[in-house]
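A short write-up of the structure that comes next.
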2 protein chains.
Amino acid sequence: MKVTRAQIVEGAYQALGERGLGGLSMRGLAQDLGVQPGALYYHVASKQELLAAVAARILDEIPAPATDPRSAADALRTALLRVRDGAEVVSFVQAFRPEIVVPAHELRRLFAESFGPREAEWAARTVVHYVLGFVAEEQNHAELVRAQILPEEPSRAEDSSRAFMFGIDAILGGLEVGSAR
Amino acid sequence: MKVTRAQIVEGAYQALGERGLGGLSMRGLAQDLGVQPGALYYHVASKQELLAAVAARILDEIPAPATDPRSAADALRTALLRVRDGAEVVSFVQAFRPEIVVPAHELRRLFAESFGPREAEWAARTVVHYVLGFVAEEQNHAELVRAQILPEEPSRAEDSSRAFMFGIDAILGGLEVGSAR
DNA sequence: ACCTGAACACCGTTCAAGT
DNA sequence: ACCTGAACACCGTTCAAGT
């Protein structure tokens, strides 16, 4: 059996959607691809490196470069929600490969219009931390519902979107005030 | 050899400080305590449950109930920074035992003075997400420096505090505007 | 160039049996 | 009541050897 790096990354992305981050193992992935575990290490340096590629794949779902911070935050949330544990994977990768989190650069660029470079960086990080934290909680809740540890709440999705927007508007409002000062 | 639940929790907290979350295993902890791994499971249901107790232990370092959101956020950050990977542990636990994250209740209580219950909850979550996300990044960076993957930057600590305050002030400023509306 | 087979050094958890 | 011994079902990673 032969595999390419692209197949491994795509397989990992699929497996993430089907089994979640806790169910994503190199051995399981090898079995999905009809190959021995060791074969993966010819194409990929480590599980960490593979997760970095999966994070890039998740963020690739964002359609176009954003024109304002509010829609950048919204597009990021949407991309993260497309795959199970998406926020956790991106958070993990952000720790050691921050350059992969492209929306952070875009936010910095957008904020550079009203801030100095230092403040633009801080503002972008504030927004990214909020979005990653918010969506991680959303998805962790979903995992617990799936595991039947928590009951399902039908109105949750709509509430979540309103709560998300409440926070984003507060943050962006506060940043605007700060930049005007 | 005999162990109590309190000793296990304290041992886990110590081990976290010394080896980080990645180095904290039930087997290693058992060895530290001079006991077989299975013995731990007489006192503790699972590693998850133990981590929940460790998270409570981390948050116990917060001295007194806060009087305003800004100092609540600051006290939370300080407690998280006291132990390696503190933010990651609390984030993890928040997912399945949110009631353990006491600062979140306090923030909700403080925001209830200017918001309805729904908005107070959202406001509290916004602040908690930001603090956890910010400190997690700080500590992950520290882990990478420790592993000599990233170089040490001497001015980092002071910069971090300023960046943290920049974000907190923006969020709280934005929330104030929202509540006045 | 790419993969297999097999091993190394780990995990969390369970549970009969011992004291 | 509390612990040991031993097992079960896993991990990520490495690497000689094969094709």
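Chain naming here is simple, since letters A, B, ... match the order of the sequence lines and numbering starts at 1 in each.
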| Can you name the residues that form a salt bridge (charged side-chain N to carboxylate O under 4.0 Å, His left out) with B/Asp74, not counting sequence neighbours? | none
| said: Show me the pairs that pass salt bridge (Lys or Arg N to Asp or Glu O under 4.0 Å) and involve residues 140-153 of chain B, at least two apart or across chains. | reply: B/Arg84-B/Glu143, B/Glu143-B/Arg146
| Selection: residues 139-146 of chain A, any non-hydrogen atom under 4.0 Å of DNA chain C | none
| query | Which pairs, with at least one residue in residues 13-33 of chain B and sequence neighbours excluded, count as a ring pair (Phe, Tyr, Trp, His ring centres under 6.0 Å)? | reply | none
| request: Rounded off to whole Å, could you give me the CD-to-P distance for the A/Gln31 and C/dC3 pair? | output: 17 Å
| task | Round to a whole Å and report the spacing from CG of A/Leu33 to P of C/dC3. | result | 10 Å
| Residues forming a salt bridge (charged side-chain N to carboxylate O under 4.0 Å, His left out) with A/Arg19, sequence neighbours excluded | A/Asp32
| task | Apply side chain to side chain donor-acceptor pair (under 3.5 Å) to A/Gln48 and list each qualifying residue two or more places apart in sequence or on a separate chain. | result | none
| message | Let's test your reading of the pairing rules: Watson-Crick or G-U wobble, both distances under 3.5 Å, then write DNA chain C as a dot-bracket string with ( ), [ ], | and dots. | response | ||.|||||...|||||.||
| field | ring pair (Phe, Tyr, Trp, His ring centres under 6.0 Å): pairs with one or both residues in residues 113-138 of chain A, sequence neighbours excluded | value | A/Phe115-B/Phe166, A/Trp122-B/Phe166, A/His129-B/Phe134, A/Tyr130-A/Phe134, A/Tyr130-A/Phe164, A/Phe134-A/Phe164, A/Phe134-B/His129
| task | Look at the side-chain N and O atoms of B/His43 and state whether any lies under 4.0 Å from the OP1 or OP2 oxygen of D/dA1. | result | no
For residues 91-104 of chain A, tabulate all N or O donor-acceptor pairs below 3.5 Å that involve a side-chain atom, not counting sequence neighbours.
| unit_1 | atom_1 | unit_2 | atom_2 | d |
| --- | --- | --- | --- | --- |
| A/Ser91 | OG | A/Ala87 | O | 3.0 |
| A/Arg97 | NE | A/Glu99 | OE2 | 2.6 |

| Any link between A/Leu175 and A/Met165 through a network of hydrophobic side chains (Ile, Leu, Val, Met, Phe, Trp, Tyr) touching at under 4.5 Å? | no
| request: Give the B/S/- string for nucleotides 6-19 of chain C, one per nucleotide from 5' to 3', where a protein heavy atom under 4.0 Å of the base yields B, of only the sugar-phosphate yields S, and otherwise -. | output: -B---BBBBB----
| task | Starting from C1' on D/dA1, measure out to OH on B/Tyr42 and report it in whole angstrom. | result | 4 Å
| Between C/dA9 and D/dC10 - C1' atom distance, rounded Å | 13 Å
| said: Show me the pairs that pass ring pair (Phe, Tyr, Trp, His ring centres under 6.0 Å) and involve residues 17-52 of chain A, at least two apart or across chains. | reply: none
| Any residue meeting side chain to side chain donor-acceptor pair (under 3.5 Å) with B/Arg5, in chain and number order, not counting sequence neighbours | B/Glu49
